[in-house]
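Right, one structure below, let's go through it.
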Amino acid sequence: MNPGKKIVIVNHSDSRGGASVVSVRLLDALQSLGADASMLVTHKDSTRPDIVVAGDVRKPFLLEHGEIFLRNGLSRANLFKASTARFGLPVSNHPLIREADVVMLNWVNQGMLSLKEIERMAADGKRIIWTMHDMWNMTGICHHAQDCRGYLKECGRCPLIHLPKHRSDLSHSVLERKSELYSRAGITFVAVSNWLAARARESSLLKNQDVRVIPNAFPVEEFSIRPEHIRAELGLPEDKKLIIMGAARLDDPIKGLPMAVEALNKVHDAGQDDCAAVFFGNLRDRTALDSLRMPRVWLGPQGDFSRIRSIYAHGDVVLSSSQFETLPGTLIEGQAAGCYPVAFDAGGQRDIIDTPDTGWLAPAYDTSSLAQGILKGLTTPPSREQLHTHVATRFSARTVASRYLDII
């Protein structure tokens, strides 16, 4: 990398959602390596001078979602499952962008950035690196294709769009617009997991594009296998082995909470009575854990990162039952604190768990196998030091930032 190059990271927010958290971590890591880096957002919660607000996103946000709302026959059902990037802020004229040599796009939806503006940045000679945190770059309008395979050839008749119900719907027209942009802009796409890269390389949009794999950055060095708080301070059960499961919203359908409960019940029914389940994050349906027979505690949302680190450090197993994850951060965080990760093989989990000594991958969505993995983590886990070292060599922020600088 030329040390004189100016880098700007563009992301929807500096705090809201997983992409925001890892974008700020990447910013810090790039700066620690001597890069001249700043960040452009539409929602800013920090007071950092190197993170700058791009403008008021309300108008393009309303225009985009108003169009989706109309195309869905005035239904709100799929309003936030789709993005079109047909409207956005005039970001290409922002001073940070005009001065930048390299523009690193992260999650830029919800009215922040239009495809037209990205094309303008490319025409101005900006080097564009676009990190993919979900499938949106390779589909027409959806962030997660799930069982739909339209993106392999051409989107159309999209299950998220009700009107018109034919091939040339909104998903098809946006896919064509993306194809035009990609053919001219010379973008380097970065997938945060090998699973996501494989989906990109088989898609009609990205199969002939430059697709790299660089994982999200995690502050692995901040995690210790020794907790910072005692159990009583955290509200954790004493004298129990702990199975930890966390999420921004635990009962989001994609997190598969009912399957986690089913697997935990199998562990309990197998006679493993020396353990308890610990959940943290939002829970809209307070009855979602009522069928769990194992002792449990729900800690609610956790805003204090030191408490989260301690929760993991007291744990024995970190559990994910997600139906789909590009790169599940809770598994990395738990492993960094010495927990044995257990998950379904349903996305980027293979980038974290590659041998039985680094975790357990259950066939999707086999809750009996998931229970087997939990039992292994409770009874014959590898050393906590070994688990921490494994994740540190792959996902530390400086390691990830160095890989980005290598492609700039």
Side-chain angles (χ1 to χ4, degrees), residues 17-19 22 81 107 131-139 142-152 159-160 191-203 206 211 213-216 218 243-267 277 279 281 288 317-335 339-377 387 390-391 394-395:
V22 297
K81 293 180 180 178
W107 205 88
T131 299
M132 301 182 288
H133 294 276
D134 56 35
M135 296 181 70
W136 186 79
N137 294 83
M138 66 192 80
T139 70
C142 73
H143 292 273
H144 301 294
Q146 299 192 35
D147 294 331
C148 179
R149 293 294 176 265
Y151 73 98
L152 298 178
L160 300 183
V192 299
S193 70
N194 282 288
W195 180 89
L196 189 62
R199 302 290 79 73
R201 289 167 182 150
E202 68 183 3
S203 71
L206 295 181
V211 177
V213 180
I214 303 176
N216 288 329
F218 287 86
I243 304 154
I244 314 294
M245 181 172 174
R249 180 189 158 198
L250 286 161
D251 55 348
D252 183 328
I254 207 166
K255 298 300 179 183
L257 183 59
M259 291 186 288
V261 170
E262 185 175 327
L264 290 167
N265 280 337
K266 291 180 187 221
V267 171
F279 300 89
V317 171
V318 56
L319 173 64
S320 171
S321 54
S322 290
Q323 299 179 42
F324 168 88
E325 291 276 5
T326 52
L327 189 71
T330 58
L331 294 182
I332 296 172
E333 292 171 349
Q335 193 179 47
C339 290
Y340 186 73
V342 176
F344 288 129
D345 190 359
Q349 292 89 338
R350 280 187 177 271
D351 286 18
I352 306 165
I353 303 167
D354 54 8
T355 69
D357 286 335
T358 58
W360 183 282
L361 281 180
Y365 300 99
D366 184 341
T367 58
S368 294
S369 179
L370 204 67
Q372 282 183 268
I374 296 169
L375 285 167
K376 175 177 171 55
L387 288 165
H390 172 77
V391 79
R394 298 187 178 199
F395 301 108

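Because only heavy atoms are used, hydrogens play no part in the values below, and waters and symmetry mates are left out as well, while side chains stay in.
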Apply side-chain contact (heavy atoms from CB on, under 4.5 Å) to residues Leu327 and Phe395 and explain how you reach the verdict.
CA-CA 11 Å; Leu327 189 71; Phe395 301 108; 4.2 Å; yes
Chi angles and distances behind the side-chain contact (heavy atoms from CB on, under 4.5 Å) call for Thr358, Gln335
CA-CA 8 Å; Thr358 58; Gln335 193 179 47; 3.9 Å; yes
Leu331 vs Gln349, side-chain contact (heavy atoms from CB on, under 4.5 Å): CA-CA, chis, key distance, verdict
CA-CA 8 Å; Leu331 294 182; Gln349 292 89 338; 4.0 Å; yes
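For residues 360-372, no pair satisfies salt bridge (Lys or Arg N to Asp or Glu O under 4.0 Å), with sequence neighbours left out. Under the salt bridge (Lys or Arg N to Asp or Glu O under 4.0 Å) criterion, the residue pairs touching residues 318-327 are Lys255-Glu325, with sequence neighbours excluded. Sorted by first and then second residue, the pairs that involve residues 344-360 and meet salt bridge (Lys or Arg N to Asp or Glu O under 4.0 Å), not counting sequence neighbours, are Asp345-Arg350, Asp354-Arg394.
Pro328 has its side chain within reach of Ile352: a pair of non-hydrogen atoms, C-beta onward, lies under 4.5 Å apart. At a threshold of 4.5 Å between non-hydrogen side-chain atoms, the residues Thr367 and Lys266 count as touching.
The minimum heavy-atom distance linking Ala277 with Leu264 is given by the pair CB-CD1, 4.0 Å. A pairwise comparison of heavy atoms in Val261 and Ala288 identifies CG2-O, 4.2 Å as the closest pair. Between Val213 and Ala197 the shortest heavy-atom distance is CG2-CB, 3.4 Å. Considering every non-hydrogen atom in both Leu370 and Ala343, the closest pair reads CD1-C, 3.7 Å. Shown here for Ala200 and Val211, the closest heavy-atom pair between the two residues is CB-CG1, 4.3 Å. Of all the heavy atoms in Phe344 and Pro363, the pair that sits closest is CD2-O, 3.6 Å.
Under the ring-ring contact (aromatic ring centres under 6.0 Å, His included) criterion, Trp107 pairs with His12, His143, sequence neighbours left out. In this view, Val22 and Arg25, His133, Asn216 satisfy the side chain to side chain contact (heavy atoms under 4.5 Å, CB included) rule, not counting sequence neighbours. For Phe324, the ring-ring contact (aromatic ring centres under 6.0 Å, His included) partners at least two apart in sequence or on another chain are His144, Trp195. Checked against side chain to side chain donor-acceptor pair (under 3.5 Å), His390 has no partners two or more places apart in sequence or in another chain. Partners of Ala260 according to the side chain to side chain contact (heavy atoms under 4.5 Å, CB included) rule, which considers only residues two or more places apart in sequence or in another chain, are Met245, Leu257, Leu319, Ser321. Remark: Glu202 pairs with Tyr151, Arg199 by the side chain to side chain donor-acceptor pair (under 3.5 Å) rule, at least two apart or across chains. Partners of Gln372 under the side chain to side chain donor-acceptor pair (under 3.5 Å) rule, at least two apart in sequence or in another chain, do not exist in this structure.
Atom OG1 of residue Thr131 and atom CG of residue Leu196 lie 10.5 Å apart, to the nearest 0.5 angstrom. The distance from atom CZ of Arg149 to atom OG1 of Thr139, rounded to the nearest 0.5 Å, is 12.5 Å.
Looking at Gln323, its side chain does come within 3.5 Å of a backbone N or O of Pro253 through a donor-acceptor pair. Between the Ser203 side chain and the Leu206 main chain, a donor and an acceptor come within less than 3.5 Å of each other.
For the side chain to side chain contact (heavy atoms under 4.5 Å, CB included) criterion with Val342, the lone passing option out of Val317, Ile353, Leu361, Ile243 is Val317.
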